Number of protein chains: 2
Amino acid sequence: MSKSNTKNTINAVSIDLFYKKGYFATSISDIARASGIQKASIYYHYSNKEDILYDILKTTAYDINESIDKCLTGVNSAEERLRIAIQNHVFFHIDRQKEAIISDSELRGLSVDNYKAIVKLRDEYDYKLQSIIKQGIDQGIFSNMDLKILSYAIITMCTAVCMWFNPSGRLSKEEVAQIYTDFILKGLKRGNFP
Amino acid sequence: MSKSNTKNTINAVSIDLFYKKGYFATSISDIARASGIQKASIYYHYSNKEDILYDILKTTAYDINESIDKCLTGVNSAEERLRIAIQNHVFFHIDRQKEAIISDSELRGLSVDNYKAIVKLRDEYDYKLQSIIKQGIDQGIFSNMDLKILSYAIITMCTAVCMWFNPSGRLSKEEVAQIYTDFILKGLKRGNFP
DNA sequence: GTCTATAGATGGATAGAC
DNA sequence: GTCTATCCATCTATAGAC
């Protein structure tokens with residue numbers, strides 16, 4: 001079920017504006033102007049302003065869940081699964097930088113029901129990453145540290161790439177992912193603490 | 001130069017509201033109502049709404065700089081300095097949880113000059129942490145990984161405690177700081193990568 | 001599906017009395 | 001220092017023509 005042309009434009013323009021100015025600071029007039037239409041026309045495609053934000057957050061949360069399932073298919077060892085999952089997370093947050101930043105900072109714009117729906121998708125994703133780390137601890141590959149705290153730490157750290165990564169900067173996204181996986185695996189792996 | 005009673009109330013109430021609802025979603029009327037005064041009275045103490053936010057962000061940024069200088073006095077070894085700096089960072093973000101969250105998410109509310117002033121204070125703090133890691137790398141205590149990326153990663157990871165820490169939860173702030181320092185030091189230290 | 005026009009509410013901020 | 005009263009800009013959303 002793909003969007004119409006106009007709806008696609010509104011969506012793309014909103015991603016751009018929410019990224020640049022923030023959700024609350026962006027008005028329906030701003031979106032209409034940048035889309036080349038009148039603001040009343042927006043309400044034909046979206047029922048209200050929040051609906052535009054919700055559409056972005058839902059799609060992003062859905063897509064990252066799909067991407068991790070896909071990239072882990074057929075991979076079995078805990079260490080390899082974690083390496084791949086981290087790389088996928090870093091790549092996603094670089095490739096979808098604007099949406100990732102919006103997802104990270106504009107949850108406040110949602111009313112209760114929509115908020116719950118996004119948090120549910122996010123919890124599902126977090127659970128997938130936690131399960132990999134748990135598998136590694138259970139198998140004795142990773143040392144027995146606090147699962148919840150460490151998975152929060154790892155996810156947060158990798159999510160933050162969307163805040164500072166510069167596509168024309170010193171490092172490629174492959175290099176960044178490599179630095180992260182090395183650091184995290186070294187911190188997690190067993191039997192090498194001095 | 002301490003604040004008057006009313007100004008203190010406005011400040012405390014604003015920290016609470018910005019934390020709960022966000023800066024843009026909080027109106028001057030909200031602040032006045034929660035402070036028990038009329039909204040016009042706020043403009044006797046602050047020149048505008050942004051000024052209230054700027055006051056909070058400036059104080060928080062100043063205080064964390066002061067706290068790291070204080071806790072590192074007289075400590076020389078890179079490893080010990082990093083342990084103490086991480087603990088201080090975690091404690092600050094737990095003890096000043098609301099202000100830390102506002103600092104992390106409401107920079108958008110500032111106009112250019114104020115924004116630059118806060119970023120400057122923040123850069124000074126980041127530089128202090130980076131210098132410790134650099135010292136450890138130069139001394140051969142930490143392995144020679146990418147300094148910029150790792151210091152971003154470490155700061156972000158430790159900053160995130162303010163997002164999930166629950167004072168009445170499973171772990172004390174001392175325990176959380178310990179888990180973080182162990183994980184980070186293990187990831188950084190040299191010669192133990194399998 | 002897109003437009004013009006406007007309703008209706010709320011926002012930040014100021015004037016001036018006390 | 002705090003109040004009442006008010007200005008004026010702007011915002012989301014709707015009505016109804018085409």
Side-chain angles (χ1 to χ4, degrees), chain A residues 1-58 102 105-115, chain B residues 1-58 102 105-115:
Chain A
M1 196 148 47
S2 74
K3 294 178 181 103
S4 70
N5 277 347
T6 305
K7 191 167 185 178
N8 264 329
T9 303
I10 296 170
N11 180 255
V13 158
S14 299
I15 289 172
D16 200 56
L17 288 173
F18 293 169
Y19 161 72
K20 279 188 197 140
K21 306 176 51 169
Y23 173 71
F24 287 105
T26 302
S27 70
I28 294 286
S29 304
D30 292 334
I31 297 171
R33 199 178 311 116
S35 301
I37 55 174
Q38 294 302 310
K39 58 183 180 173
S41 307
I42 289 175
Y43 292 91
Y44 175 80
H45 300 280
Y46 290 97
S47 57
N48 51 43
K49 189 185 170 188
E50 182 188 338
D51 199 27
I52 303 176
L53 176 65
Y54 181 59
D55 188 25
I56 296 168
L57 297 182
K58 199 178 52 189
I102 296 167
S105 53
E106 304 293 5
L107 268 181
R108 279 236 173 78
L110 299 179
S111 52
V112 181
D113 285 354
N114 287 342
Y115 178 85
Chain B
M1 196 148 49
S2 74
K3 294 179 182 104
S4 70
N5 277 346
T6 305
K7 192 168 185 177
N8 265 328
T9 303
I10 296 169
N11 179 255
V13 158
S14 299
I15 288 172
D16 199 55
L17 288 172
F18 293 168
Y19 161 73
K20 278 189 198 140
K21 306 176 52 170
Y23 172 71
F24 287 105
T26 302
S27 69
I28 293 286
S29 304
D30 292 335
I31 297 171
R33 199 178 311 115
S35 301
I37 54 175
Q38 294 302 310
K39 59 181 180 174
S41 307
I42 289 176
Y43 291 91
Y44 175 80
H45 299 281
Y46 290 98
S47 55
N48 52 43
K49 190 186 170 189
E50 182 189 338
D51 199 28
I52 303 175
L53 176 65
Y54 182 58
D55 188 26
I56 296 168
L57 297 182
K58 199 179 53 187
I102 296 167
S105 54
E106 304 293 4
L107 267 182
R108 278 235 174 80
L110 299 179
S111 52
V112 181
D113 285 354
N114 287 342
Y115 178 85

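All of these numbers come straight from a predicted model, not from anything done at the bench. Proteins come first, then strands; the chains are lettered A, B, ... in the order of their sequence lines, and each starts at number 1.
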Exercise. Would you call B/Tyr46 and B/Asn11 a side-chain contact if the rule is heavy atoms closer than 4.5 Å?
Worked result: yes

For this session: Using the side chain to side chain donor-acceptor pair (under 3.5 Å) rule, collect all pairs that involve residues 35-44 of chain B, keeping only residues at least two apart or in two chains.
Result: none

Exercise. Under 4.0 Å between a Lys/Arg side-chain N and an Asp/Glu carboxylate O for B/Asp55 and B/Lys3?
Worked result: yes

Problem set entry | Partner residues of A/Asn114 under the side chain to side chain donor-acceptor pair (under 3.5 Å) criterion, sequence neighbours left out | A/Glu50

Problem set entry | Nearest atoms (heavy-atom pairs only) where A/Thr26 meets A/Lys49 | O-NZ, 2.7 Å

For this session: Rounded off to whole Å, could you give me the OH-to-P distance for the B/Tyr46 and C/dT14 pair?
Result: 17 Å

Exercise. B/Ile52 pairs by side chain to side chain contact (heavy atoms under 4.5 Å, CB included) with which of B/Ile42, B/Leu17, B/Leu57?
Worked result: B/Ile42

Problem set entry | Test item: B/Ile10 and B/Val13 side chains (from C-beta on) under 4.5 Å apart, heavy atoms | no

Exercise. Which parts of residues 47-54 of chain B get close to DNA chain C, meaning a heavy atom less than 4.0 angstrom away?
Worked result: B/Asn48, B/Lys49

For this session: Using atom CD1 of A/Ile28 as one end and atom P of C/dG8 as the other, report the distance to the nearest whole Å.
Result: 20 Å

Exercise. Rounded to the Å, how far apart are A/Tyr43 OH and D/dT12 C1'?
Worked result: 4 Å

For this session: Examine C/dT2: is either OP1 or OP2 under 4.0 Å from a nitrogen or oxygen in the side chain of A/Tyr44? Give yes or no.
Result: no

For this session: List the atom of A/Ile15, the atom of A/Ile102, and the distance in Å for their closest heavy-atom pair.
Result: O-CD1, 3.4 Å

Exercise. Whole Å only: how far is the CZ atom of A/Arg33 from the C1' atom of D/dC11?
Worked result: 12 Å

Exercise. Any side chain to side chain donor-acceptor pair (under 3.5 Å) pairs touching residues 12-22 of chain A, not counting sequence neighbours?
Worked result: A/Asp16-A/Lys20, A/Asp16-A/Lys98, A/Lys21-A/Asp30

Problem set entry | Interatomic distance where CD1 belongs to A/Ile42 and C1' belongs to D/dC11 [whole Å] | 13 Å

Exercise. If you look at every heavy atom in A/Tyr115 and A/Leu107, which pair is closest and at what distance?
Worked result: CD1-O, 3.9 Å

For this session: Mind running a 4.0 Å heavy-atom check of residues 6-25 of chain B against DNA chain C and sending the residues that fall below it, in number order?
Result: none

For nucleotides 3-5 of chain C, tabulate all protein N/O to nucleotide N/O atom pairs closer than 3.5 Å, reporting atom names and distance.
residue, atom, partner, partner atom, Å
C/dC3, OP2, A/Gln38, N, 2.8
C/dC3, OP2, A/Ser41, OG, 2.6
C/dT4, OP2, A/Gln38, OE1, 3.3

For this session: Classify the nucleic acid contact of A/Thr26 as base, sugar-phosphate or nothing, counting any heavy atom under 4.0 Å across all strands shown.
Result: sugar-phosphate

For this session: Find out whether A/Phe18 and A/Ile31 are in side-chain contact, i.e. whether some heavy atom of one side chain is under 4.5 Å from a heavy atom of the other.
Result: yes

